[in-house]
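Below is one structure, written out as structure tokens; the observations come after it.
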Amino acid sequence: MTSPDPALRHALDQERAHHDRCRTALAVMVDGADEQVVIGENASASGADAEILGYQLRSQAKAMHELPEGPLFFGRLDFSGPEQQALHIGRLRISEHPAAPPLVVDWRAPVSRAFYQAGARDPQGVAVRRRFGWAPGSRGDSADLTGLEDEHLARGESRAGEIVAREIERPRVGPMRDIAATIQPEQDDLVRGDLTLSVCVQGAPGTGKTAVGLHRAAYLLYTHPQRIRRGGLLILGPNRTFLSYISEVLPALGETGVRQSTLRDEIARHPVKRREDERAAAVKHDARMAEVLRRALYARVGGGEGIGPLAVPEGSYRWRVAEGELLRIVAGVRAEEPPYAVGRERVRTRVVRRILEQAERRGGPPGAAWLKKISRARAVGEYVDAVWPRVRPEEVVSRLLMDPEELARAADGLLDADEQKALLWARPPRSWKSARWSAADLVLLDEVAGLIEHPQQYGHVVVDEAQDLSPMECRAIARRAAFGSVTVLGDLAQGTTPWAARSWETVMAQLGKPDAVVVPLTTGFRVPRAVLALANRLLERLDVAVPAARSLRGDGELRFRAADGDLPGAVVGAVRDALGREGSVGVVAADADVDLVWEALRSAGIGAGGADELGARVAVVPASVVKGLEYDHVVAVEPAAIVEAEERGLHRLYVVVTRAVAGLEVVHGRPLPW
């Protein structure tokens, strides 16, 4: 914080001068990265080596150019001891020369951990921890360094201070910010967890679970660059609105090129053109469908009975494989339960091997060209097609959903008659090519596609809002992380889908990580105490076993506004009051009421093109998509309507009220549902 104290002014001047030096060094680093690209392109090397080197250098240069503008450091550590070393902590390493001591140390470096973990009881060699205060929205001008706070750990001082509080409470306008400057010890433990460990974070509202997941992704990319980039890192969010909101966090931390997607986008073999009946969707998302689909797929594999022996002509000679041997080959491959496409090729390979054995006995080992010719022989191909035919996922799923008899065979003992009836398409298409697929159908298609051949594998997958995943969706993610680890983020109290989880142990087992550790985060940094108290009252009515949260935020407001017969007018009044305060405003209503609310605000001159030009600060959001978002001020419109709109409406309302960072105003014309 600023002060007329000459010593503090002198310290600020020194830190500003250091920031100028860092800015100059960073500019040299960016120019150097560009120069290395040119040098790499002119270097003599083999084609493959030159391509790899060029890719690495171009990627490095691209990442340097994509660094967002902003302050280059947010903290400093002064270590005790004879050397009294001082290190500035920032979002990336900055030095004037690769071999020179760094001007700024990356927050992910091992030495930086003391910035987050050191305390009066365990100073970890730190004499002084300094935090810097920057003007809101700073683009990195050194003059924007407005204050500093020191904790003298060697003297037993350890406190968060005003700078941390101001950073946490800063208005939420625009995309989500990184929290590298304010990570708390329990969050840091999760961020720096080992790559091989799968972790589930049960995070109460405002505990920073999403930020923890993103910072863990950045940490793993920094610590294990080769292992992670070889397999890739995937971040799955609940919807594209959420992905847009978090899109700038990883670039701000110096990491680009990470795939951020939704599960629907990952499994979208076709566009969604049909809204699914709730009953049918519930059955399609049920774990039993995995076995139904497996049966339907492998029902296409024949044993080979009645086909007879195989004869493969080569000139005037015919190579023969007896029917009994062929039957044993198919049965053996089926018993191994490989992916369908792998099984098909194993049958071909083993048939060709039997012919190869005959050829070796007859005249010695033939060459590779001979093997390729026999493998491609028409007779071999026709036999493989007969016993293990090629198949598309669409053919399997559409046939199952159109043919009651085939569905009955595949679902025998798994689904009852009513469930089977719910699955069948009311208006079957002529073929799968003209089918109109629903979102739930995409999950089935992905399951069959995964049975045919493995999808792309990732080294690490971060899954946010995981409490809403169905068992079949969990299986889709598990297939993509079969050989990697996962970070699962969520809150059982915020589960709003019909199949929402009630136990993290069940979810982690469905994700193929039954040994994952479940870590609760219960200390809130975002939601004010009064708002969280209201949320905890709702939590008591939810059928989930999660601990109540506590808030470190003593500020903030909770207000109620009765509509008195004029709900639109009351909403307008609440929004106008919120606009009188600093920060963003989220107006959240039941989906069916959103148009009414938006029209009322537009008529009052609030919104896009509004007369008061404050519309950029106001967002009207359906309750169904507000999960994961946050606003300084939330106007919750008619809670009773939000609750009645869906089966798990109380859970949805819990989500809505916990989106507020500074204040919540509840506008209602009907009795409140708590």
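Remark: the backbone N or O of A218 is paired with a side-chain donor or acceptor of R108 at under 3.5 angstrom. Side-chain atoms of R139 never come within 3.5 Å of backbone atoms of G70 as a donor-acceptor pair (strictly under, hydrogens ignored). Panel note: side chain S198, backbone A516; no donor-acceptor pair is recorded below 3.5 Å. Under a 3.5 Å cut-off, the side chain of S138 and the backbone N or O of P71 do not form any donor-acceptor pair. Side-chain N or O atoms of Q187 include one that pairs as donor or acceptor with a backbone N or O of Q184 at under 3.5 Å. Using a distance-only test at 3.5 Å, with no hydrogens or angles considered, no donor-acceptor pair links the side chain of H152 to the main chain of A154. At least one donor-acceptor pair closer than 3.5 Å links the side chain of R216 to the backbone N or O of G193. With hydrogens and angles ignored, the 3.5 Å screen pairs a side-chain donor or acceptor of T207 with a backbone N or O of A204. When atom types are taken as modelled, the side chain of E69 and the backbone of G140 share no donor-acceptor pair closer than 3.5 angstrom.
The side-chain heavy atoms of L233 and R259, taken from C-beta on, include no pair separated by under 4.5 Å. Taking the side chain as every heavy atom from C-beta outward, V527 and R553 never approach each other to under 4.5 Å. Residues V128 and E151 are not in side-chain contact: their nearest non-hydrogen atoms beyond the backbone lie 4.5 Å or more apart. Residues R659 and V655 have side chains in contact (heavy-atom distance under 4.5 Å, counting atoms from C-beta outward). With contacts defined as side-chain heavy-atom distances shorter than 4.5 Å, the pair L145/L12 qualifies. Residues L195 and S485 have side chains in contact (heavy-atom distance under 4.5 Å, counting atoms from C-beta outward).
Ring centroids of F132 and H19 are separated by 6.0 Å or more, keeping the two rings apart.
Between A100 and R93, the closest heavy-atom pair is O-NH2, 3.6 Å. In plain terms, the two heavy atoms of V507 and C474 that are nearest each other are CG1-SG, 4.1 Å. Nearest heavy atom pair, residue D632 against residue G583, reads OD2-CA, 3.2 Å. Across all their heavy atoms, V212 and L190 have their closest contact at CG1-CB, 3.8 Å. Nearest heavy-atom pair, I89 versus S112, reported as atom, atom and distance to 0.1 Å: CD1-OG, 3.7 Å. Here the closest heavy-atom approach between residue A662 and residue H633 is recorded as CB-CE1, 3.9 Å.
With respect to the salt-bridge test (charged N to carboxylate O, under 4.0 angstrom), the residues D5 and R9 do not qualify. The pair R76-E15 counts as a salt bridge, with a side-chain nitrogen and a carboxylate oxygen less than 4.0 angstrom apart. A salt bridge does not link R16 to D144: none of the charged side-chain nitrogens sits closer than 4.0 Å to a carboxylate oxygen.
Other residues, nucleotides and ligands place more than 12 heavy atoms under 6.0 Å from the CZ atom of R113. Enclosure of atom CD in E248 is not indicated, since only 12 or fewer non-hydrogen atoms of other residues, nucleotides or ligands lie within 6.0 angstrom. Few gaps surround CZ on R269; more than 12 heavy atoms of other groups in view lie less than 6.0 Å from it. When the shell of 6.0 Å around CZ of R550 is examined, it contains 12 or fewer heavy atoms from other residues, nucleotides or ligands. Within 6.0 Å of CZ on R240 lie no more than 12 heavy atoms contributed by other residues, nucleotides or ligands.
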Worksheet entry | side-chain contact (heavy atoms from CB on, under 4.5 Å) between L103 and H88, worked out | CA-CA 7 Å; L103 299 175; H88 285 77; over 6 Å; no
Fill in: E96 vs R21, salt bridge (Lys or Arg N to Asp or Glu O under 4.0 Å): CA-CA, chis, key distance, verdict
CA-CA 9 Å; E96 293 173 314; R21 183 181 175 188; 2.8 Å; yes
Worksheet item: What do the steps show when you test S584 against R617 for side chain to side chain donor-acceptor pair (under 3.5 Å), and what is the final call?
Response: CA-CA 5 Å; S584 58; R617 290 173 52 198; over 6 Å; no
Practice prompt. For side-chain contact (heavy atoms from CB on, under 4.5 Å), just list the numbers for H215 and V249, CA-CA rounded to whole Å, side-chain angles, deciding distance to a tenth of an Å, and then say yes or no.
Written response: CA-CA 8 Å; H215 286 68; V249 173; 4.2 Å; yes
Practice prompt. Step by step, work out the salt bridge (Lys or Arg N to Asp or Glu O under 4.0 Å) result for R130 and D150.
Written response: CA-CA 4 Å; R130 172 170 289 180; D150 287 343; 2.7 Å; yes
Worksheet item: What's the verdict on side-chain contact (heavy atoms from CB on, under 4.5 Å) for L442 and V272, showing C-alpha distance, side-chain angles and the deciding distance?
Response: CA-CA 8 Å; L442 298 185; V272 173; 3.6 Å; yes
Worksheet entry | D189 vs Q117, side chain to side chain donor-acceptor pair (under 3.5 Å): CA-CA, chis, key distance, verdict | CA-CA 9 Å; D189 288 336; Q117 295 283 352; 2.9 Å; yes
Worksheet item: For V575 and L601, what are the C-alpha separation, side-chain angles and deciding distance, and is it a side-chain contact (heavy atoms from CB on, under 4.5 Å)?
Response: CA-CA 8 Å; V575 172; L601 294 177; 3.8 Å; yes
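Put simply, the residue from L234, T487, I235 that forms a side-chain contact (heavy atoms from CB on, under 4.5 Å) with V461 is L234. For the pairing with F115, the ring pair (Phe, Tyr, Trp, His ring centres under 6.0 Å) check across W107, F73, F74 returns one residue only, F74. When each of V201, L197, V199 is paired with V517, the side-chain contact (heavy atoms from CB on, under 4.5 Å) condition holds for V199 and for no other. Screening V661, V621, L664, V585 against Y631 for a side-chain contact (heavy atoms from CB on, under 4.5 Å) leaves a single residue, V621.
The CZ atom of R121 sits 13.5 Å away from atom CG of L153, with the distance rounded to the nearest 0.5 Å. Taken to the nearest 0.5 Å, the NZ atom of K513 stands 11.5 Å off from the CD1 atom of I477. Here the straight-line distance linking atom CZ of R23 with atom CG of D20 works out to 9.0 Å at 0.5 Å rounding. From R131, atom CZ reaches atom CG of L148 across 12.5 Å, with rounding to the nearest 0.5 Å. Note that the CZ atom of F242 and the OG1 atom of T210 stand 4.0 Å from one another [nearest 0.5 Å]. A distance of 11.5 Å separates CZ of R479 from CG of L511, quoted to the nearest 0.5 Å.
Between the side chains of Y222 and E255, no donor N or O sits under 3.5 Å from an acceptor N or O. Between the side chains of D491 and Q202, a donor-acceptor pair is found at a separation under 3.5 Å.
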